[in-house]
Amino acid sequence: MKATQDAPVGSRRRFDVWGFLIHAVLVIVSLICFIPYLHVVAKSFSEDAYVIANKVFLWPRGFSVEAYAKIFADASILKSLYVSVLVTVLFTILGMVVTICAAYPLSRRQLKGRSTLTFIFLFTMYFSGGIIPEYMLINSLGMLDTLWAMILPLAFSAYNLLILKTTFTHSVPVSLEESARIDGAGHFRILTSIVLPLSKPILATLSLFYAVGRWNAYQDALFYIKHNVDLRPLQLKLYYLVVQASESFQLEATEVTLSNPEVLKASVVVFATIPIICIYPFVQKYFVQGTMLGAVKE
């Protein structure tokens, strides 16, 4: 009886090699992702002299918040932040509405030709018209130098559509849908009262995908926002600062004056990243729930 009781204790004392290796790899990968950002944060809070001398690594040298003070004093950067927030919110809402409206009918077996329609959406993931036809289309629609040029062209993702379609197909029991139909519910009622509430994890995940993708994008604004500088998002502002700093040009259309543009670049990177980082803690729980989607079959 004593030997039987001691066995679990001995097994608990065993060194789990695979568990240690997995944790070690995860720690290394996490550090690889975190250390560069920590380096940028340290530069943003350091004095110019230490940054110029490349003496800043993971901890600020000569602690200074002068760069952030001048960022908040620059009306153009704050205006760019407002534009980025506005565009990201509108883009995410529109993207999710369009994706849901496309994914739900494609997930219903009653829809004829849904395989063909799915293939058409899938085809766009591999082949596209290119930048020049897209620019000509935006120009012909009169959307240059408008907010819609940064919202409409990328407001739909075929990849997100396929993910959401698969979720709608496998996460909602057929018997539940049939029961709702017997009670007289139509497609709109089934979508809003049954399908969407059961798909909250994937909806939150895709919303984050849309928001992060839009927040980090600047190339379309670089092409489509030329004359109306008030509509330049924060990421495009950051792009101009990086280019001007690397080419030793004088900073354009800004009141910020720093002896070393590297400090300005680092502070703007941190300033542009903080809003999207603040969203992750509220959405992280849905990633854990999303891993269980499809794990339980009816």
Side-chain angles (χ1 to χ4, degrees), residues 18-19 22-23 25-26 29-30 33 88-128 151-217 276-298:
W18 288 110
I22 292 173
H23 283 81
V25 170
L26 291 177
V29 173
S30 300
C33 297
T88 300
V89 171
L90 294 177
F91 177 86
T92 304
I93 294 175
L94 180 61
M96 289 304 300
V97 170
V98 174
T99 304
I100 291 172
C101 292
Y104 176 74
L106 291 176
S107 65
R108 302 301 95 184
R109 297 181 177 88
Q110 304 94 319
L111 179 65
K112 296 182 180 180
R114 65 186 186 123
S115 299
T116 303
L117 293 175
T118 303
F119 172 77
I120 294 175
F121 285 115
L122 181 63
F123 184 83
T124 61
M125 296 177 59
Y126 300 97
F127 301 96
S128 63
I151 297 176
L152 293 181
L154 300 177
F156 177 78
S157 171
Y159 177 77
N160 292 341
L161 167 66
L162 295 178
I163 295 177
L164 193 59
K165 169 184 171 296
T166 304
T167 303
F168 285 170
T169 303
H170 297 289
S171 64
V172 180
V174 178
S175 58
L176 188 61
E177 181 181 353
E178 292 176 349
S179 176
R181 288 186 179 279
I182 293 175
D183 293 336
H187 285 293
F188 183 78
R189 184 62 181 273
I190 293 175
L191 174 64
T192 56
S193 301
I194 298 177
V195 178
L196 294 183
L198 292 177
S199 306
K200 287 182 180 179
I202 195 64
L203 294 177
T205 302
L206 294 184
S207 297
L208 185 63
F209 287 169
Y210 274 117
V212 173
R214 177 63 265 174
W215 183 266
N216 293 330
I276 205 68
I277 289 180
C278 294
I279 300 177
Y280 270 98
F282 300 99
V283 187
Q284 184 180 9
K285 61 180 180 180
Y286 292 108
F287 285 104
V288 178
Q289 298 177 16
T291 58
M292 298 301 295
L293 289 176
V296 180
K297 299 296 182 181
E298 184 183 14

Steps toward ring-ring contact (aromatic ring centres under 6.0 Å, His included) verdict (F156, F91):
CA-CA 9 Å; F156 177 78; F91 177 86; over 10 Å; no
Please give me the minimum heavy-atom distance between L111 and P105, naming the atom from each residue.
CD2-O, 3.2 Å
Considering non-hydrogen atoms only, spot the tightest contact between T88 and A211 and give its length.
CG2-O, 3.7 Å
Got V195 and I100 here, is their nearest side-chain heavy-atom distance under 4.5 Å?
no
Measure the shortest side-chain to side-chain distance between L198 and L176 over non-hydrogen atoms and say whether it is less than 4.5 angstrom.
yes
Taking the side chain as every heavy atom from C-beta outward, state whether T167 and L203 have any atom pair closer than 4.5 Å.
no
Find out whether R214 and T92 are in side-chain contact, i.e. whether some heavy atom of one side chain is under 4.5 Å from a heavy atom of the other.
no
Once rounded to the nearest 0.5 Å, what's the spacing between atom CG of L161 and atom CZ of F168?
10.0 Å
Could you tell me if the side chain of L122 sits less than 4.5 Å from the side chain of Y159, heavy atoms only?
no
Full working for side-chain contact (heavy atoms from CB on, under 4.5 Å) between I163 and T205:
CA-CA 10 Å; I163 295 177; T205 302; over 6 Å; no
To the closest 0.5 Å, what do you measure between CE (M96) and SG (C101)?
10.5 Å
Within the structure provided, determine whether M125 and L162 are in side-chain contact (heavy-atom separation under 4.5 Å).
yes
Any donor-acceptor pair under 3.5 Å linking the side chain of S193 with the backbone of I190?
no
T99 side chain to Y210 side chain, donor-acceptor N/O pair below 3.5 angstrom
yes
Any non-hydrogen side-chain atom of K165 less than 4.5 Å from a side-chain atom of Y104?
no
Near R189 CZ, under 6.0 Å, is it more than 12 heavy atoms from other residues, nucleotides or ligands?
no
For the backbone of L106 and the side chain of R114, can you confirm whether one donor and one acceptor N or O come within less than 3.5 Å of each other?
yes
Is there side-chain contact between I202 and S199, with at least one heavy-atom pair below 4.5 Å?
yes
